[in-house]
Asker: 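Take a look at this one; I'll ask things after.
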Amino acid sequence: MAYELILTRTEGKVGIVTLNRPKQLNALNNELMDELGAALKAFDADENIGCMIVTGSEKAFAAGADIGAMATYTFSDVYKGDYITRNWETIRSIRKPVIAAVSGFALGGGCELAMMCDFIIAADNAKFGQPEVKLGIIPGAGGTQRLPRAVGKSKAMDLALTGRMMDATEAERSGLVSRVVPLDKLMEESLGAALMISDYSQLAVMAAKESVNRSFEGTLADGVMFERRMFHAMFATADQKEGMDAFVNKRKASFGNK
Ligand code: HXC
C-alpha cells in the first residue's frame with residue numbers, strides 16, 4: 001500500500017513507521033491515522049517482523065489531533081463517524097510490541113498516541129502535554145485514563161487542567177517514559193531495544209505484552225491469574241525448550257516462534 005502521510009521501512013526484524021506531516025508538526029488527521037493503523041497491522045501480520053517503532057520528526061512526534069480538521073466538526077459528525085474509536089484504536093489491537101520513539105512535541109492526541117504504544121523512549125528535547133483544555137475540549141484518545149495510570153492523579157490533573165508541557169526529565173521522573181536519550185541517539189537506542197525484542201520468541205513477547213496490559217484492567221487477583229495461565233502456556237511452546245536448553249548448554253538461543 002502506498003502511504004502519503006507516513007513513511008515505513010524495516011531494519012532487520014523491526015518495522016518502523018515515521019509520521020510524516022512535518023509542516024503541520026505531524027498533526028494527526030483521519031487519513032494519517034488510517035495509514036498508521038494499516039501499516040501497523042501489516043507489520044503485525046508479517047512473520048519476519050518482531051517489533052515496531054512509531055516515531056516522528058526531531059521537532060514533533062505529533063503536536064496533537066489536527067485542530068484545523070476538528071474546528072468545524074459537529075457532534076453528529078464525530079458521533080456518527082466514530083471519531084477516534086474507528087481508527088486511532090487500531091493500535092490497541094496490535095499484538096507485537098510497539099515502541100514510541102519521541103522527540104519534540106508530543107501534545108494532546110500526540111501524547112495519547114505515544115501512551116497507546118507499549119513504552120516510550122524519549123529524546124532529551126521531548127515535551128509532553130495534554131493542552132486540550134486551552135481549546136475548550138478534553139483529551140479524547142485515552143489521555144484522562146492512561147496519563148494518571150502512568151504518572152499518578154496529581155500530575156495528570158496538573159497537566160490536563162493547566163495544559164502545561166512537561167519536559168523529558170520530568171516525564172522520566174514521573175514514569176511516563178522508560179528512558180531519556182540524547183536526541184541524536186534516539187533512533188539508535190530505540191532500534192537497539194526493538195532488535196533485542198525481535199530476537200526473542202514472538203510467543204513469549206506477545207504473552208508478556210498481553211499480561212502487562214492486563215494490569216490495567218480488572219483486579220490484581222485476576223491479573224495474576226491471567227499471567228499464571230500464560231506462564232503455564234509457555235511450557236507448551238518449542239521456544240521454551242529452546243530458550244532453556246540454550247541457557248543450560250551455554251549457547252545462543254534461536255527461536256522459531258513455535
Ligand atoms: C493542526 C497544527 C497543530 C495541530 C501545530 N500545527 N499543531 N495544525 N493541528 N495540533 C501547525 C501550526 O498551525 C503551524 O501551521 C505549523 O503546525 C507549525 O506550528 P507553529 O505553531 O508555528 O510552531 P511553534 O511556534 O513551534 O509551536 C509549536 C506548538 C504549537 C507549541 C506545538 O504549534 C501548538 O501549540 N500546537 C497546538 C498544540 C495542541 O493544542 N495540541 C492539542 C490538539 S487537540 P502554519 O500553517 O501556521 O505554518 C487534540 C485532541 C486530542 O490533540 C483528542 C482526540 C485525539
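Values below: every heavy atom of this structure, side chains too, minus hydrogens, waters and symmetry copies. This is a predicted model, so every value here is computed, not measured. Atoms within a ligand are numbered from 1 in the order they appear, just like the ligands themselves.
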Asker: Please classify the L28 to ligand 1 contact at 4.0 Å (heavy-atom distances, strictly less than): side chain, backbone, both or neither.
Answerer: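 Within the 4.0 Å criterion, L28 makes no contact with ligand 1.
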Asker: Should you measure from each heavy atom of D66, which atoms of ligand 1 turn up under 4.0 Å away?
Answerer: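 So the answer, numbered in order with elements, is 1 (C), 9 (N).
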Asker: Under a plain distance cut-off of 3.5 Å, with no hydrogens placed, do N26 and N20 share a side-chain donor-acceptor pair?
Answerer: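 Checked: N20/N26 side chains show no N/O donor-acceptor pair below 3.5 Å.
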Asker: When you measure from atom 14 (C) of ligand 1 to each heavy atom in Q130, E112, M33, K23, which option holds the nearest one?
Answerer: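 Result: the heavy atom closest to atom 14 (C) of ligand 1 is in K23.
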Asker: May I ask you to decide if the ring planes of F235 and F231 are parallel, tilted or perpendicular, using 30° and 60° as cut-offs?
Answerer: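 Perpendicular.
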Asker: For atom 10 (N) of ligand 1, decide whether some protein heavy-atom distance is shorter than 4.0 Å.
Answerer: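 At least one protein heavy atom is under 4.0 Å away.
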Asker: If we set the cut-off at 4.0 Å for heavy atoms, which region of K134 has an atom near ligand 1: side chain, backbone, both, or neither?
Answerer: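 For K134, no heavy atom sits under 4.0 Å from ligand 1.
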Asker: When you measure from atom 7 (N) of ligand 1 to each heavy atom in A63, G108, A69, which option holds the nearest one?
Answerer: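 When every heavy atom of A63, G108, A69 is considered, A63 comes closest to atom 7 (N) of ligand 1.
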Asker: Can you tell me the protein heavy atom closest to atom 19 (O) of ligand 1 and the distance?
Answerer: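 That would be L25 CD1, 3.5 Å.
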Asker: Can you check whether a protein heavy atom sits less than 4.0 angstrom from atom 25 (O) of ligand 1?
Answerer: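 When distances to the protein are checked, atom 25 (O) of ligand 1 has no heavy atom within 4.0 Å.
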Asker: If we count only N and O atoms by modelled type, under 3.5 Å, do the side chains of T74 and D77 hold a donor and an acceptor together?
Answerer: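 Side-chain D/A pair, T74 to D77: present.
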Asker: At less than 4.0 angstrom from any non-hydrogen atom of I84, what atoms of ligand 1 do you find?
Answerer: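 Under 4.0 Å from I84, ligand 1 has these atoms: 54 (C), 55 (C).
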Asker: Check this for me: does any side-chain nitrogen of one of E242 and R251 sit under 4.0 Å from a carboxylate oxygen of the other?
Answerer: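 Answer for the salt bridge query: yes.
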Asker: For M234 and L203, work out which heavy atoms get closest and say how close.
Answerer: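 In terms of heavy atoms, the two residues are closest at CE-O, 4.0 Å.
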Asker: How far is atom 53 (C) of ligand 1 from its nearest protein heavy atom, and which residue and atom is that?
Answerer: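 Scanning the protein heavy atoms, the shortest distance from atom 53 (C) of ligand 1 goes to G140 N, 3.3 Å.
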Asker: Is it the case that the side chain of R149 and the backbone of Q145 share a donor-acceptor pair, with hydrogens and angles ignored and the cut-off at 3.5 Å?
Answerer: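 Yes; at least one donor-acceptor contact below 3.5 Å.
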Asker: Return a yes/no value: protein heavy atom under 4.0 Å from atom 46 (O) of ligand 1?
Answerer: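 No, there is no protein heavy atom closer to it than 4.0 Å.
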Asker: Protein heavy atom under 4.0 angstrom of atom 35 (O) of ligand 1, is there one?
Answerer: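 Under 4.0 Å from atom 35 (O) of ligand 1, zero protein heavy atoms found.
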Asker: Could you pull out the closest heavy-atom pair between L195 and K13, with the gap in Å?
Answerer: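 That would be CD2-N, 4.3 Å.
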Asker: With a heavy-atom distance limit of 4.0 Å, tell me whether A65 approaches ligand 1 through its side chain, its backbone, both, or neither.
Answerer: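 Both of them.
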Asker: Does only the side chain of A27 get under 4.0 Å from ligand 1, or the backbone, or both, or neither? Count heavy atoms.
Answerer: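 Only the side chain of A27 comes within reach of ligand 1.
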Asker: Is the distance from the ring center of F255 to that of Y200 below 6.0 Å?
Answerer: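 No; Y200 has its ring centre 6.0 Å or more from that of F255.
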Asker: Grab the two heavy atoms, one from I197 and one from G50, that are nearest each other, plus how far apart they are.
Answerer: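 Shortest heavy-atom contact: CG2-O, 4.3 Å.
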Asker: Write down the atom of D124, the atom of L183, and the distance for their closest heavy-atom approach.
Answerer: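 Between these two residues, the closest heavy atoms are OD1-N, 3.2 Å.
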Asker: Using a strict threshold of under 4.0 Å (side-chain N to carboxylate O), is an ion pair present between E227 and R229?
Answerer: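 Salt bridge flag = no for E227 with R229.
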Asker: Are the side chains of L113 and L28 in contact, using a 4.5 Å heavy-atom criterion?
Answerer: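 Heavy-atom side-chain distance check passes, below 4.5 Å.
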Asker: Short list, please: which atoms of ligand 1 are under 4.0 Å from a heavy atom of L135?
Answerer: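 Taking each heavy atom of L135 in turn, ligand 1 has 40 (O), 43 (C), 44 (S) under 4.0 Å.
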Asker: Check whether any protein heavy atom sits under 4.0 Å from atom 17 (O) of ligand 1.
Answerer: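 There is a protein heavy atom less than 4.0 Å from atom 17 (O) of ligand 1.
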Asker: Look at atom 31 (C) of ligand 1 and find which of K127, E132, M165 reaches it with the closest heavy atom.
Answerer: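 Checking each option, the heavy atom nearest atom 31 (C) of ligand 1 is found in M165.
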Asker: Would you say ligand 1 has an N or O under 3.5 Å from any N or O of P139?
Answerer: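 Checking ligand 1 against P139, no N or O pair falls under 3.5 Å apart.
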Asker: Show the atoms of ligand 1 that are less than 4.0 angstrom away from any heavy atom in A141.
Answerer: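 Answer, ordered by atom number: 55 (C).
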Asker: Suppose I only count heavy atoms of P131 and a 4.0 Å limit; which atoms of ligand 1 are within that range?
Answerer: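 So the answer, numbered in order with elements, is 39 (C), 40 (O), 41 (N), 42 (C).
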Asker: Which of the listed options, K59, M70, Q24, holds the heavy atom that is closest to atom 23 (O) of ligand 1?
Answerer: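 Considering heavy atoms of K59, M70, Q24, the nearest to atom 23 (O) of ligand 1 sits in K59.
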Asker: Identify which of I67, V78, L107 has a heavy atom lying nearest to atom 37 (C) of ligand 1.
Answerer: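 Result: the heavy atom closest to atom 37 (C) of ligand 1 is in I67.
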Asker: Using a distance threshold of 4.0 Å (strictly less than), state whether atom 55 (C) of ligand 1 has a protein heavy-atom neighbour.
Answerer: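 Given the 4.0 Å cut-off, atom 55 (C) of ligand 1 counts as touching protein heavy atoms.
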Asker: If you measure from the Lys or Arg side-chain nitrogens to the Asp or Glu carboxylate oxygens, is any gap between E89 and R92 under 4.0 Å?
Answerer: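 The answer is yes: the pair qualifies as a salt bridge.
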Asker: Do T55 and S190 have side chains that get closer than 4.5 Å, going by heavy atoms?
Answerer: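 No. Closest side-chain heavy atoms not under 4.5 Å.
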Asker: So is W88 touching ligand 1 or not, going by heavy atoms under 4.0 Å?
Answerer: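 Per 4.0 Å heavy-atom rule, W88 contacts ligand 1.
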